[in-house]
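Each remark here refers to the structure printed beneath this line.
All of these numbers come straight from a predicted model, not from anything done at the bench. Scope of the values below: all heavy atoms of this structure, side chains included, with no hydrogens, waters or symmetry mates.
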Amino acid sequence: MRWITILVAGLMLATGSGQARAETDTAQGYRYYVSGDVSAPAPASPSLGLMLIGGSDWSPDAWRWFAGKAGNGHIVIIRASSDGADGDWILNEIGGVASVQTLVFSDRKAASDPRVEEILSHADGVFIAGGDQSNYVRFWKDTPVSEALNAHVAAGRPIGGTSAGLAILGGAGYGAMAEEAVDSAEALADPHGPKVTLVRDFLEMPFLKHVITDTHFTERDRLGRLVAFLAQARSDTDPEAVGLGIDEDSALTIEADGTGRLYTLSDGHAWLVQPEGGPAFGPDGALNWRAVRLTGIGPESTIDFNTMQVSNPAFSGVASVDNGELSGVPAAPDAGWTLAIHGGSGVIARGDLTPETDRAYRASLEAALNTGAAILKDGGSSLDAVEATLRVLEDDPLFNAGRGAVFDAEGRNQLDAAIMDGATLQAGAVAAVSTTRNPITLARAVMEQSRHVLLSGDGADEFARLKNIEQVDPAYFRTEHRWQQHLEWKRDQQAALDPTHRFGTVGAVARDTHGHLAAATSTGGLTGKEWGRIGDSPIIGAGTYAADGKCAVSGTGTGEYFIRESAGRQVCDRVAWKGETIQQAADGAIASIGALGGDGGLIAIDGNGRIAFSMNTEGMYRGAVTDTLPATAAIYADETVQRDEP
């Protein structure tokens with residue numbers, strides 16, 4: 001009877017408050033959380049519907065749809081990790097439900113607990129959260145939980161899932177039962193390999209009997225592995241199997257009549273994968289498939305799950321697989337492209353620069369912009385664009401990065417750089433580099449060719465040599481202008497700081513035609529820096545950050561304050577969690593830095609390519625170019641860089 005005592009205590013905490021949350025531990029292999037009033041009557045009867053979420057951020061509109069399908073009553077979340085915070089989010093941010101209960105399983109025995117069965121049997125809507133789907137298979141398959149979920153939808157009530165929770169909703173699902181998850185290359189090389197662990201006869205969802213799902217789809221390059229899943233299914237048990245991949249920040253909702261509609265926060269899609277005929281396999285198991293029809297489902301599309309026909313598709317095409325190599329994949333619609341850069345900030349009032357110097361800075365900024373623009377215009381990646389753009393600025397002695405970097409207290413050039421891929425959240429960074437010509441290229445190598453994020457000093461330069469990245473004599477970075485600054489600094493440390501280029505970092509942010517974001521930053525640091533000081537530029541989340549659908553950021557300023565405020569990540573969180581525009585988020589982050597006594601500036605773009613420049617200094621070397629606007633540079637705070645929106 002212990003669970004009855006726990007339930008009563010939870011109800012006493014929750015009833016009437018609408019937002020109180022209680023946690024209990026039954027010692028039966030699960031934890032229980034409740035948000036809202038579990039005793040309140042549901043305003044309406046539930047109705048059938050499926051909500052398939054691709055992972056990452058959840059669409060509020062899709063959740064409001066789900067709440068309506070649940071009769072605005074009582075939702076139950078089941079998962080095998082984390083806590084009940086999602087219940088609070090649904091109750092407080094979405095609203096329109098009486099309560100949200102969360103069951104967090106840690107053992108298979110919990111699936112046979114009478115209280116678990118009772119909670120699920122009374123749910124108006126059930127949602128399976130993300131996590132590790134192998135735990136869901138181990139904890140729930142062939143137990144009263146799977147029976148309760150099947151009975152729930154059979155009774156005409158809604159169900160949903162995200163990430164791992166979506167992976168198990170299909171007629172066959174990727175169970176991730178091996179020690180390591182399989183990627184596209186491995187799966188295509190052998191669709192019957194030990195990592196391709198499909199689970200069958202688990203759940204029976206309407207419209208999904210012959211559907212295999214996959215999530216985090218474009219962001220994690222999962223098309224190949226979904227095709228491999230279909231190859232295994234079609235050759236073994238289900239010749240009618242089709243695939244459904246859903247991008248991050250996107251949700252596909254399915255009505256009781258089989259009509260599906262997409263909601264997305266970041267120009268995502270759902271991908272309908274319909275191979276023609278059966279697969280073939282090479283001697284080593286590699287997949288061959290002559291034709292794999294791909295159809296993109298966007299916000300303006302609808303899909304009929306009775307016929308698997310898509311109206312007004314976002315894109316379509318036919319791919320093929322030859323000896324494990326996938327080719328001919330149609331591109332999602334051209335999303336337009338954007339590139340913004342900065343070259344440092346400082347006390348730059350009109351008249352501080354000679355006309356010649358003013359023109360030189362603008363010409364250099366525009367040259368860098370045009371380099372990155374050429375890549376984006378040809379359909380190249382945002383990652384390639386920001387790297388190439390910063391290589392131009394690193395090679396330009398006007399800027400405090402690469403050649404032309406300032407000297408530290410001992411008369412050395414010590415260079416820092418970072419780069420981040422918004423599509424994968426992979427990042428690489430280097431600090432205190434002294435012989436690598438282009439630190440931004442080395443940072444990318446750290447990201448792509450090592451298991452690390454940040455390398456420093458001699459070790460970073462040694463890694464560059466191992467990867468055949470161009471090395472130079474340290475004297476390459478020396479310029480007479482910077483050396484004279486160093487000598488002046490030694491005589492008078494404050495007077496020698498160049499106010500027109502006080503924070504001499506360079507940075508770039510970009511969005512490519514596929515909607516992917518990237519950010520990169522490179523710097524020589526502060527004139528006269530001591531004791532191996534490292535600023536914010538190579539710190540991911542401080543001076544450099546990128547996440548698809550949210551933002552890409554590069555900062556320049558008092559690095560210690562950017563680090564303390566997690567400035568780059570803060571901008572993204574303001575966009576994602578507070579609903580701020582990119583300009584509001586950038587201004588808010590700079591204001592928080594200023595409140596601590598720091599100064600500087602940052603550049604940012606959001607998931608739609610909208611640009612923001614923000615600074616609390618009198619100027620920032622900066623510029624932008626887009627698919628519709630030419631390269632434009634600015635220096636002074638009262639200048640406006642031409643862009644698509646105010």
Side-chain angles (χ1 to χ4, degrees), residues 336-373 376-377 382 385-386 389-390 392-393 398-399 499-511 517 519 521 551-557 567-568 571 574-575 580-594 599-646:
W337 54 267
T338 301
L339 173 65
I341 65 173
H342 71 76
S345 65
V347 184
I348 315 170
R350 290 185 182 275
D352 286 345
L353 303 177
T354 67
E356 293 76 17
T357 303
D358 183 295
R359 286 193 296 270
Y361 273 115
R362 294 176 192 273
S364 292
L365 292 168
E366 290 180 8
L369 287 167
N370 288 329
T371 297
L376 296 170
K377 188 182 301 182
S382 55
V386 295
T389 300
L390 287 205
V392 173
L393 297 176
L398 281 175
F399 300 97
T500 67
H501 213 137
R502 184 177 174 191
F503 305 119
T505 301
V506 300
V509 294
R511 179 184 191 264
L517 303 180
T521 313
C551 79
V553 181
S554 176
T556 170
V571 173
R574 285 174 174 271
V575 170
E580 294 182 351
T581 67
I582 192 65
Q583 189 65 57
Q584 290 170 335
D587 290 343
I590 289 297
S592 69
I593 288 169
D599 50 4
L602 61 79
I603 58 173
I605 56 175
D606 66 9
N608 293 313
R610 289 183 287 259
I611 305 167
F613 300 101
S614 187
M615 70 197 86
N616 61 7
T617 57
E618 291 187 41
M620 179 168 66
Y621 301 97
R622 63 200 187 277
V625 61
T626 76
D627 58 309
T628 60
L629 295 173
T632 306
I635 298 176
Y636 310 107
D638 59 0
E639 285 187 275
T640 299
V641 177
Q642 188 179 19
R643 41 191 162 160
D644 291 302
E645 86 297 328

By side-chain contact (heavy atoms from CB on, under 4.5 Å), which residues pair with A508, not counting sequence neighbours? L339, I341, V386, T389, L390
Salt bridge (charged side-chain N to carboxylate O under 4.0 Å, His left out) filter on R362, not counting sequence neighbours, yields D358, E639
Of the non-hydrogen atoms in L376 and A510, which two are nearest, and what is the gap between them? CD1-CB, 4.3 Å
To the nearest 0.5 Å, what is the distance between CD1 (I590) and CZ (F613)? 13.0 Å
d(T521 OG1, L393 CG) to nearest 0.5 Å is 11.5 Å
State the CD-CG distance between E618 and D599, to the nearest 0.5 angstrom. 11.0 Å
Drop me the distance from L517's CG to D606's CG, to the nearest 0.5 angstrom. 8.0 Å
Output for pair (S554 OG, I603 CD1), nearest 0.5 Å, gives 5.0 Å
Of all residues at least two apart in sequence or in a different chain, which pass the salt bridge (charged side-chain N to carboxylate O under 4.0 Å, His left out) check with E366? none
Hits for side-chain contact (heavy atoms from CB on, under 4.5 Å) against A519, two or more places apart or cross-chain, chain-then-number order -> V509, T544, A546, A552
Ignoring hydrogens and geometry, is there a side-chain-to-backbone donor-acceptor pair from N608 to R610 under 3.5 Å? no
Sorted by chain and residue number, the side-chain hydrogen bond (donor to acceptor under 3.5 Å, both in side chains) partners of N616 (sequence neighbours excluded) come out as none
Taking side-chain contact (heavy atoms from CB on, under 4.5 Å) as the definition, give me every residue that meets it alongside A589, ordered by chain and number, with sequence neighbours left out. Q570, V571, L602
Only one of T626, V641, V625 clears side-chain contact (heavy atoms from CB on, under 4.5 Å) with I611; which? T626
